[in-house]
Enquirer: 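Please find one structure pasted underneath; my questions will follow.
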Protein chains: 2
Amino acid sequence: MANHDMHREWASKTRGQEDSGHLADSVAEILDCAALCFTEMGFQGTSIDDVARRLGATKGRIYHYFRSKTDLFFEVHREGMRRLMDAVNSAMSQGGTGREKLLHMIEAHALTMMQNTAYEAVVVQGVHMHRLSATTPEQRVSLDELMDIRHRFEQLFVETMREGQADGSVREGADVSLAVKGLLGAVNWMAIWYRPRPDETPEQQQLIARHVAELQVSGIA
Amino acid sequence: MANHDMHREWASKTRGQEDSGHLADSVAEILDCAALCFTEMGFQGTSIDDVARRLGATKGRIYHYFRSKTDLFFEVHREGMRRLMDAVNSAMSQGGTGREKLLHMIEAHALTMMQNTAYEAVVVQGVHMHRLSATTPEQRVSLDELMDIRHRFEQLFVETMREGQADGSVREGADVSLAVKGLLGAVNWMAIWYRPRPDETPEQQQLIARHVAELQVSGIA
DNA sequence: TCTTGCGACATACTCAGTAGTATGCGAGGT
DNA sequence: ACCTCGCATACTACTGAGTATGTCGCAAGA
């Protein structure tokens, strides 16, 4: 019970300023291992013991910081979304026409997917879970919160695309909402097929990301 | 063991000509319910008892026709892929330039996604599972087989796009493989966000499908 | 007509795995 | 000397896949 409150405090702390202790390291380490396990074996397919084993520890350590398996999953998801948001927000705030901004946003999104495969694969999984009715009452609150963030994320693209239509850099007549769902789908799907080559340089990653973004903006014809 | 062989025979029968008995109905009914359960609660989140309950029956009925839960899942997946393949193959065989064919193929794919939400959601889930290392030796054989079909499916798009580049209807310079992964991602992502409106007519569905296809071919700019 | 066999399930188990808990325990700070 | 943090250990209770066996109806042969 005291434990329980501590977790929540923790969540807000990490979201705010980084605590300069070993605590943050320990939590981050757990999140990293959890992200890998969830990515490789899925949420239900991963047992807490799996994560613990990967940590070289036992359940005790995990349950000391997280109330439940679901809580752990959501925290990984949240971190993944945070990284996505940061990257896209940053790209969006660098001026240009609507079309240019959109291009940079998609590119940033793609690059983040490629550089955080584990976390972002969990994010994609979480979006899937939204359909899933199999959630306890309390978990649904967390899920809804995350889906709200997800929605705001999507709105960033919608707004920028509308901006592009206003300044003439994006063609009119297209259903903006549908177009955004399409391009986000294309990028999110990278979680399925993209695997970093062992010798892949950041420059090569950037090239792929740019290519994906250009295709979504300009099409193939 | 005799049971086991029966299942396999069965699979080939259903893939060939329809048997005009109650057997096919019973199996199809199970597949339908399983597709819904897997879609709503995920593979691991669905218990055989869940499927049975939805059928208004018990485990016995399911295990009479399927060796294991995994087998059931794969059979649903296979059916979903079959429907996709049929639709896309049919669209591809209707002439036109490479670009036109590609447009029709994407449209057919999208429409199939919208008209078979449960089965196709399972297909998407199955593609996810390919990453998952958590599969028993024998299951991996089935999974690999399905991934092979999946790969041939993807190749249909790749070939058609190359055809389009040859006849000048698709622009050169684009990485064909990457482009195909992008557009397939956009369409597959429909499994996440698309829900048929209660009063949605087939014509409206067709419009959405066409729009999605056009966006992928022409881009937004 | 009887019965014999089998197909199509239902019932009643087993048992391994797993989320979550309760408690122990050493180290470091005060 | 004590107390709390940061875990490890040792449970519990339950779920859920798979199995073994029973049962009922029907169809074909004798």
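In the text below, chain A, chain B and the rest are named by the order of the sequence lines, each starting its count at 1.
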Enquirer: Using a 4.0 Å heavy-atom cut-off across all strands, classify A:T46 as base, sugar-phosphate, or nothing.
Expert: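 Here A:T46 touches the backbone only, sparing every base.
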
Enquirer: For the pair A:K181 (side chain) and B:V212 (backbone), establish whether a donor and an acceptor sit closer than 3.5 Å, ignoring hydrogens and angles.
Expert: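 It does not hold such a pair.
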
Enquirer: In whole angstrom, what separates A:F73's CZ from C:dG20's P?
Expert: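 Result: 14 Å.
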
Enquirer: Using 4.0 Å as the upper bound for N to carboxylate O, is an ion pair formed by B:D49 and B:R53?
Expert: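 Looking at B:D49 together with B:R53, the answer is no, because their closest N to O distance does not fall below 4.0 Å.
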
Enquirer: How are the rings of B:H128 and A:W189 set relative to one another: parallel (under 30°), tilted (30 to 60°) or perpendicular (over 60°)?
Expert: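 Tilted: the ring planes of B:H128 and A:W189 meet at 30° to 60°.
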
Enquirer: For the residue pair B:E107 and B:Q206, confirm or rule out a side-chain donor-acceptor distance under 3.5 Å.
Expert: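 Yes, because at least one side-chain N or O of B:E107 sits under 3.5 Å from a partner of the opposite role on B:Q206.
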
Enquirer: Is it the case that the base of C:dA10 and the side chain of B:K59 share a donor-acceptor contact (distance under 3.5 Å, atom types as modelled)?
Expert: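 Checked by distance alone, the answer is no.
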
Enquirer: D:dG6, D:dT19, D:dA8: which one has an atom nearest the side-chain heavy atoms of A:A57?
Expert: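 For A:A57, the side-chain atoms sit closest to D:dA8.
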
Enquirer: Could you run through nucleotides 21-26 of chain D and give me one letter per nucleotide, 5' to 3': B if any protein heavy atom sits under 4.0 Å from the base, S if only the sugar-phosphate is that close, - if neither?
Expert: ------

Enquirer: Would you kindly give the CZ-to-P distance between A:F66 and D:dG6, to the nearest whole Å?
Expert: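 About 13 Å, once rounded to whole Å.
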
Enquirer: Atom CG of B:D49 to atom C1' of C:dT11: distance rounded to whole Å?
Expert: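 About 12 Å, once rounded to whole Å.
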
Enquirer: What is the distance, to the nearest angstrom, from the CD1 atom on B:I48 to the P atom on D:dT15?
Expert: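 To the nearest whole Å, that distance equals 17 Å.
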
Enquirer: Give the nucleotide from the list C:dA8, D:dG16, C:dT11 with an atom nearest to the side chain of B:S47.
Expert: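 Selected nucleotide (nearest to the side chain): D:dG16.
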
Enquirer: Which whole-number value in Å describes the distance from A:H64 NE2 to C:dA22 C1'?
Expert: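 Rounded to whole Å, this separation is 15 Å.
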
Enquirer: Look at the side chain of A:R61 and decide which nucleotide, out of C:dT11, C:dA8, D:dA8, has an atom nearest to it.
Expert: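 For A:R61, the side-chain atoms sit closest to D:dA8.
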
Enquirer: Check ring-ring contact (aromatic ring centres under 6.0 Å, His included) between A:H211 and all other residues, then give those that pass, not counting sequence neighbours.
Expert: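 Partners of A:H211 under the ring-ring contact (aromatic ring centres under 6.0 Å, His included) test: none.
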
Enquirer: Take atom CG of B:L72 and atom P of D:dG16, then tell me their distance rounded to the nearest Å.
Expert: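 Distance check: B:L72 CG to D:dG16 P gives 16 Å.
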
Enquirer: Look at the side chain of B:Y65 and decide which nucleotide, out of C:dG20, C:dA8, D:dA17, has an atom nearest to it.
Expert: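 When the side chain of B:Y65 is considered, C:dA8 is the closest of C:dG20, C:dA8, D:dA17.
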
Enquirer: Atom CZ of B:R67 to atom P of D:dG18: distance rounded to whole Å?
Expert: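 In whole Å, D:dG18 P and B:R67 CZ are 11 Å from each other.
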
Enquirer: List the residues meeting ring-ring contact (aromatic ring centres under 6.0 Å, His included) with A:H104, not counting sequence neighbours, and say none if there are none.
Expert: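 ring-ring contact (aromatic ring centres under 6.0 Å, His included) check on A:H104 returns nothing, list empty.
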
Enquirer: Is a donor from one side chain sitting under 3.5 angstrom from an acceptor on the other, for A:S142 and A:R78?
Expert: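 Result is no, nothing qualifies.
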
Enquirer: Taking atom types as they are modelled, would you say the side chain of B:K69 forms a donor-acceptor pair with the base of D:dG16 within the 3.5 Å cutoff?
Expert: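 Answer is no: no donor-acceptor pair is held.
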
Enquirer: Measure from the side-chain heavy atoms of A:S68 and tell me the nearest of C:dG20, D:dA17, C:dA8.
Expert: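 For A:S68, the side-chain atoms sit closest to C:dG20.
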
Enquirer: Please give, in whole Å, the distance from D:dG6 P to A:E29 CD?
Expert: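 Atom CD in A:E29 sits about 14 Å away from atom P in D:dG6.
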
